[in-house]
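I have placed the structure first, in the form of C-alpha cells, so that the comments after it can refer back to it.
Whatever order the structure lists them in is the order used to number ligands and atoms, beginning at 1. Hydrogens, waters and symmetry mates are skipped; everything else that's a heavy atom, side chains included, is used.
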Amino acid sequence: MASITLKNVIKRYGSGKTANQVIHGVNAEIADGEFIVIVGPSGCGKSTLLRMVAGLEEISAGDISIGSRVVNDLEPSERDIAMVFQNYALYPHMSVFDNMAYGLKIAKVPLDEIKTRVDKAAKILEIGPFLQRKPRELSGGQRQRVAMGRAIVRQPQVFLFDEPLSNLDAKLRAQTRLEIQKLHRELGITSLFVTHDQVEAMTLAQRMIVMNAGVMEQFGTPEEVYTRP
Ligand code: ADP
Ligand code: ADP
C-alpha cells in the first residue's frame with residue numbers, strides 16, 4: 001500500500017500554438033489504503049489523470065508521487081501499480097491461468113509462487129473453476145474478474161481502474177461493484193477508480209475527486225460533495 005500525491009499536475013497535448021492544456025494544476029493527497037473515485041463528464045480529463053499516475057502518459061509539469069517516490073520519470077512497470085481496463089485486455093489465445101500468470105512470468109517470479117498467487121486471487125474472485133478456460137469461454141463478468149485477478153497477482157501498491165464496469169449490463173455492474181468493494185476490504189490497496197457515473201462514484205468512493213474541464217472542482221467524501229451548495 002502507498003499514498004499518492006499529485007502536486008500541481010498539468011497536462012498539455014501538442015505544443016506551440018496548437019498546444020491544448022487538458023489538466024490544469026491538480027493537487028491532491030491520497031492516503032494509504034484509500035478508495036478514491038475520479039468522476040466527471042466525458043472529456044474532463046479523468047482518464048488522462050489516471051494514465052499519468054500509471055505512467056502511460058507523460059506529465060507536462062508538476063509531480064506525482066507514489067509512497068515517498070516521485071514517479072514522474074519511471075516506466076509503468078517500475079511504479080508498483082496495476083491497472084484494470086474497460087475492455088479487459090485479456091489475451092484471447094491464453095488460458096485464464098496464463099493470462100493471470102503472464103506478467104509474473106515476465107518478471108521472473110518462480111512458478112511455485114505464481115501458482116500460489118493465482119490460486120489465492122482465484123479464490124477471492126471465485127474464478128477457480130475457470131482457470132483452464134480461454135477468455136471467449138467466459139461471460140463478461142467472469143472476464144472482468146480475470147482482469148482484476150491479473151491485477152491482484154502483481155501485489156501492487158496501487159490499483160488503477162479505468163471505467164472497468166462500463167461495458168457490463170446493469171446487473172453485472174452492480175455485482176462487480178460489490179466484488180470491487182469486497183476486494184478493497186480484504187486487500188486494502190490504495191485505489192483510484194475512474195467513472196462518469198455518479199451513482200457508481202457515490203457507492204464506491206471513500207472520497208471523490210470531481211473533475212470538470214481539466215479542473216479539480218471538489219475533493220471530499222460523497223456526503224461532503226453532494227451536500228455542498
Ligand atoms: P475523460 O477520461 O474524462 O473522458 P480524457 O482524459 O480522455 O477525458 O480527455 C481529456 C481531454 O484531452 C479531452 O479534451 C480529449 O479530447 C483530450 N485528449 C485525450 N487524449 C488525447 C491525445 N492523445 N491527444 C490530444 N488530446 C487528447
Ligand atoms: P496499448 O493501450 O498501447 O495497447 P497496453 O495498455 O497494452 O498498451 O500497455 C501499455 C503499457 O501499460 C505497457 O508499458 C504495459 O507494460 C503497461 N501495462 C499494461 N497492462 C498493465 C497493467 N495491468 N498494470 C500495469 N501496467 C500495465
Legend entry - Distance, nearest 0.5 Å, that separates NZ of Lys46 from CE of Met211: 9.0 Å
Pair [X] + [Y], salt bridge at N-O below 4.0 Å:
| X | Y | value |
| --- | --- | --- |
| Glu78 | Arg69 | no |
| Asp162 | Arg51 | no |
| Glu34 | Arg207 | yes |

Legend entry - Side chain proximity check, Phe219 to Val26, heavy atoms < 4.5 angstrom: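 Not touching, per the 4.5 Å side-chain cut-off.
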Inset, instruction - Taking the side chain as every heavy atom from C-beta outward, state whether Asn72 and Asp63 have any atom pair closer than 4.5 Å. - result: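 Heavy-atom side-chain distance check passes, below 4.5 Å.
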Which protein N or O atoms sit under 3.5 Å from any N or O of ligand 1? Give each pair with its distance.
residue	atom	partner	partner atom	Å
ligand 1	2 (O)	Ser47	N	2.8
ligand 1	3 (O)	Gly43	N	3.4
ligand 1	3 (O)	Cys44	N	3.1
ligand 1	3 (O)	Gly45	N	3.0
ligand 1	3 (O)	Lys46	N	3.0
ligand 1	3 (O)	Lys46	NZ	3.0
ligand 1	4 (O)	Gly43	N	2.7
ligand 1	6 (O)	Thr48	N	2.9
ligand 1	6 (O)	Thr48	OG1	2.6
ligand 1	8 (O)	Gly45	N	3.2
ligand 1	20 (N)	Tyr13	OH	3.3

